[in-house]
Amino acid sequence: MATVTVQRPKLSLAEKLFLPGVLKGLAITLGHALRMLRGQKKVTMQYPEERWDANLPEHYRGAPALVTDEHGRERCVSCQLCEFICPPRAITIVPEEIPGDDQWAKVEKQPKAFEIDMIRCIYCGMCEEVCPEQAIFLRKDYAITGTLP
Amino acid sequence: MDLGLIISSAVKIIGFVFLMLMPMIAYIIWVERRFLAIIQDRIGPNRVGIPWTNVGLFGLGQPIADGLKSFLKEDFTPGHVNKFYYVIAPALVMVPALLTCAVLPFGRDLVLPFLDEPIRLVIADLDIGPIWIFAIASLGVYGIVLAGWASNSKYPFLGGVRATSQMISYEISLGLSIIPVLLLFQHLNLNDIVRYQSEHGWLLLPMWGDGWSVQRWLYLIPAGVAFIIFVVSMFAETNRTPFDLPECETELVAGYHTEYGSMKFAMFFMGEYAAMIIGSGLAVTLFLGGWSLPFGLDALVLGVFSDTWFSWVPALLSTGIFFLKIVCFMLFFIWVRGTLPRFRYDQLMKLGWIIFFEAALANIFIAAGILMFA
Amino acid sequence: MPAPETATAEAAEEEKPAVEMVDVQIDGAWHQVPKGTRMIEAVRMARGDGSTVPHYCYHPKLTSPGNCRMCLVQMGMPPRPAPGAQAAAPDADGHLPISWMPRPVIACANTVAPNMGIRTDGELVEEVRQGVMEFLLINHPLDCPICDQAGECSLQEFSVEYGKGSSRFREAKVKKPKNVDVGPRIRLDDERCIMCSRCIRFSREIADEDVLGFVDRGSRTVLATYPGKELAHNYSLNTVDLCPVGALTSNDFRFRQRVWFLKETESVCTGCGRGCNIQVEAREGEVLRLTPRENNDVNSSWMCDHGRMTYHELHVADRLTDHMIKEGGRHQVARRGEAVRYAAALLKVFKPGEVAIVASGRMTNEELYLTRKLAAVLEAKLVDIIPREAEADDYLFAADQNPNTQGARLLLCGRSKPGNKLAKIRKGIAAGEIKAVLSLGEELTDERVGLAAEDLAGLSFLLHLGTVMGVTAEAAQVLFAGSFPMEKRGSMINVTGRLQRLGGGGIAPGACADDWEVLRDLIAELGGGNGIYLLEELFSEMAREVSKLKGLSLGKIGSQGMHLIDSKECVPLLRKEAERRASGLIP
Ligand code: SF4
Ligand code: SF4
Ligand code: SF4
Ligand code: SF4
Ligand code: FES
């Protein structure tokens, strides 16, 4: 059966009155505030001055980018799976056929244009996960705003 | 009309409302952000200081920057709203909040050497102080209801409906809760109430003057209950956590002000803080001796500055004390916000109607009994 | 007119012997199916949702060689009593018990028999399907990322259902030719081919061009064209649709777009008068390919390559995207309403008979009907369309190149033969009797009209409603940007007299209007409003006024169309299909 009946816990008088709980909560928050004031606990990082670059985890998801293989060929074959899976529809691909006289003609298909709208991208990593060619990866870049060079 | 009265009233309005209350609203918001931050082991806004320099001033420039931002933002009015009511709603929230401060005494009578009569540091020295406050403050709900209705979209509407029933419900216990206080003082002039407390001990701290009586100490029971009901109801009246259901972002986006932006939103925001400050002021005035110092120190101060040339000092000092008390009260507001999660709507209604309403009623009889027999 | 026609049809019906029905048990339930039905079709009838057992090589319009083995099912018959023993007794419903055969049979080439049992699932059937899939995938390349068929590939679909997920094959895969040109429009990838032979059979049986075959029998079998031949007939692209995998791909659609992005709209091909039923497949309003849609009264399951390519007309270089008014010798962009008012004001000054209308056989019935009303409002006597003829082939391609000549006959031309009045219009213009011409979707310098640019310049008023910039558009005082048939809804009547619906699918660029709306606005401006806002309303009005269409509505036409006019034309391809069916080649 899908429905599970859960017994509500029996509350003692103090719990019903609520006030002791409130006071306990107030004590906890005050404790945090005092510790903070004494400078014992600090989780905020002062961003532009302090950075976390060295600690970025292996799986950090930053800006997605296309990669090349060991021969320097862009791996993407324009299968458009990432375009399909991308939740905010950030990717637009125009596929094309690789011309017959190209070194990589046997790969047959490549992207003519591959656009990721970085304003739309939500760094979900679905494109990386779906790519059958391991052609797109989320890099560790997180500061992607800036001026054009 | 007496020209002197007009001038002194104008000076008092400007001084109290624009030089004290408004900056206080701005900086209470900053204090709230920083205090909440340290409660949550964060830092809070600490960067905005003097423009184009690296001087941070602990972020004291933040309220000014926020205000500027509100002014400079596009004043966008969605196409689907009922324009007239949509525009006046923020004003309807802000105006009653400011009107109520007219009867709050914010200092001892100011005795100036070159004036014969002392100036009462209250904008309007009415003999119906608390009643005026409740009468006007209850108008604040119209702003919120109109905002919710005129926005013509579902979240504001739900927020408006919630706000209405919540504010109307808690107004009752709020009004009932102060009756024991008024029973004791037998007075409705807030300035006289404060002066009484200055001489005979605060309502919650009867430890000097003729406060040392069995009756006053017994009276602490109804006074304490009244204080708790009053404070909690005030949280509900000002839509503060844990009773901020009309604008709770988890369900209603931003509740009644979802469709508002720029300065109109800022008006709601400021109105809410003004209401909090006035509420705190009333609580301080009624329960914690208003502008007076505890333990009869007032008399001492008066004695020290009895010299004609320094006769204005006690008044200024008392104003400072009044605001200090308000700030402490506000810090309590913020502290609670940092601690308690939001109530469920049915819990809120149950608390208001089943517990507080009855408790306040019973409290009146207990207080009356003590006054009669002790 | 249709009355005698139906009578003969009924007579034919009566002459046919009544179809004999047999009882067949399919997946546990008893069904009645006509005798001689293939098991695979019996299953389709029993399921009722269009699905049937998985298959590759079988196609209902082609012979069944039974070479892919995907359609294996379990079959059973009543047990044959041992000599001397009593036959089993039928149950209450008269069905005999079934004894199942230990080995599966193919469902595509076997026909049903009385009291037969068919199981399309169960342990044995699942197991053989998995086995067939494993064999098919042994040498199959991992091409899905670059394969155009991905997304509509039977091999992919059945791998999901019956594939193993990993390969047990440790040896090297067989390498075969890839990216082979087998014809001007088709590319072949032999590694992907699963040897179903559908393409071979189509060319041989339907297109009557025996160009494809398997060579190098064994594990290195490849599909190839016969030496010196290529897959070039006008129906070649049907093999691309038929190919269950991505072995044959169309050069035209190759790598253009993934099929899962395409939105399919039911419509009708306007490449010739046949009106083959098609699907317009578009992404975000951009038409990317046309594929045939089954209609056994028009095009069976096929269409010609010429028709498939008609969507390229949408990509013309100088497409009109704005309505324009000529002021001071130069065209200025105008809103539709402005242009309509301007045109109407200019048209009002002409006397009856001074206006001629050249409409088009590529217009929908609705537009032709409005053209007639417009002619009535303007009291224009000379109204005609331009006829187009080409050489018909022996399959689908029709001699009449206008998709809606029948509609024009019914709604616009009356008793005169389409094109008969063009000479009169030409002469009238030369003599100066005709001062204003409305050109609706046609180029007036076309040799069939025979007007020159100077003739157009000599007119007092020229209105053009069209899609492409040209001499007529250049000369027009008022220019309306219209839509191509692939961008509009409406109805047409094909050469055999069948009323069919266009569904649109493409989205016209810029300010391009639906042609019927321009005509409606013009009529409203000249003769008062008519309260028509939807195409459906327009059709209903037309149905009230035109006796042939009595009682019809756009919805009632249905996705398969309906017979309306007896035109004495028949479809050669359907005739051949009927012959093949009669000779028992196809079910
Ligand atoms: S990371 Fe997510 S949102 Fe960004 S491009 Fe890839 S799939 Fe799209
Ligand atoms: S999924 Fe990979 S191979 Fe396919 S288009 Fe995206 S990046 Fe290219
Ligand atoms: S034919 Fe089908 S299975 Fe083979 S590569 Fe193409 S899509 Fe994939
Ligand atoms: S090319 Fe396609 S249709 Fe032809 S035999 Fe191979 S798989 Fe079948
Ligand atoms: S479909 Fe029956 S063997 Fe291919």
Side-chain angles (χ1 to χ4, degrees), chain A residues 64-117 120-121 125-138, chain C residues 140-153 155-156 159-160 163 165-167 173 175-182 184-193 240 245-263 281-286 288-289 315:
Chain A
L66 292 183
V67 299
T68 55
D69 65 6
E70 63 275 22
H71 308 291
R73 179 186 72 89
E74 201 148 79
R75 299 185 72 120
C76 174
V77 295
S78 194
C79 74
Q80 292 182 287
L81 282 176
C82 50
E83 179 174 1
F84 182 65
I85 204 84
C86 177
R89 299 230 184 290
I91 300 179
T92 316
I93 300 169
V94 184
E96 75 172 354
E97 183 161 10
I98 302 180
D101 51 3
D102 192 280
Q103 180 191 6
W104 297 109
K106 68 167 201 244
V107 181
E108 294 190 34
K109 199 177 174 187
Q110 71 184 15
K112 183 163 150 198
F114 192 112
E115 253 177 50
I116 307 180
D117 187 341
R120 284 189 164 200
C121 177
M126 299 274 237
C127 48
E128 176 176 331
E129 194 172 325
V130 80
C131 181
E133 302 287 327
Q134 274 130 42
I136 191 164
F137 282 89
L138 266 63
Chain C
H140 199 80
L142 277 175
D143 268 357
C144 299
I146 55 161
C147 178
D148 265 342
Q149 191 80 2
E152 51 180 7
C153 172
L155 197 59
Q156 278 184 332
S159 317
V160 171
S166 61
S167 173
K173 289 193 177 196
K175 293 258 190 307
K176 289 180 187 173
K178 288 178 92 74
N179 209 349
V180 186
D181 275 320
V182 284
R185 291 178 290 277
I186 297 183
R187 213 80 67 86
L188 164 71
D189 188 315
D190 265 317
E191 285 185 349
R192 295 180 196 155
C193 173
V240 174
V245 293
L248 295 174
T249 50
S250 145
N251 283 345
D252 182 56
F253 182 65
R254 193 173 159 84
F255 301 160
R256 288 288 303 285
Q257 198 50 261
R258 281 313 203 173
V259 292
W260 52 74
F261 290 119
L262 299 179
K263 184 169 171 269
E281 304 193 11
R283 182 176 184 190
E284 287 156 32
E286 188 198 349
L288 287 154
R289 70 170 178 183
H315 304 136

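Below, read A as the first sequence line, B as the second, and so on, with proteins coming before strands; counting in each chain starts at 1. Quantities reported herein were computed from a predicted structural model and do not represent experimental measurements.
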Walk me through it: do C/Arg187 and A/Glu97 pass the test salt bridge (charged side-chain N to carboxylate O under 4.0 Å, His left out)? CA-CA 12 Å; C/Arg187 213 80 67 86; A/Glu97 183 161 10; 2.8 Å; yes
Part of A/Gln110 within contact of chain C (heavy atom distance under 4.5 Å): neither
Examine whether an atom of A/Glu133 lies under 4.5 Å from a heavy atom of chain C, and if so say whether it belongs to the side chain, the backbone or both; otherwise answer neither. side chain
Spatial distance of atom NZ (A/Lys106) from atom CG (C/Asn179) [nearest 0.5 Å]: 13.0 Å
Check for a donor-acceptor pair, side chain of C/Arg258 on one end and backbone N or O of A/Leu81 on the other, with a separation under 3.5 Å. no
Evaluate side chain to side chain contact (heavy atoms under 4.5 Å, CB included) for A/Lys109 paired with C/Arg254, printing each intermediate quantity in order. CA-CA 10 Å; A/Lys109 199 177 174 187; C/Arg254 193 173 159 84; over 6 Å; no
Separation between CD (A/Glu108) and OG1 (C/Thr249), nearest 0.5 Å, reads 8.0 Å
Would you call the rings of C/Phe261 and A/Phe84 parallel, tilted or perpendicular, where under 30° means parallel and over 60° means perpendicular? perpendicular
Surrounding NZ of C/Lys175 (heavy atoms of other residues, nucleotides or ligands, distance under 6.0 Å), is the total greater than 12? no
Using non-hydrogen atoms only, which part of C/Asn251 is less than 4.5 Å away from chain A: side chain, backbone, both, or neither? neither
salt_bridge(A/Glu83, C/Arg283) N-O dist < 4.0 Å: yes
What are the two closest heavy atoms between A/Cys79 and C/Trp260, and how far apart are they? O-CZ2, 3.7 Å
Heavy-atom distances under 4.5 Å only: say whether A/Val107 touches chain C with side chain, backbone, both or neither. backbone
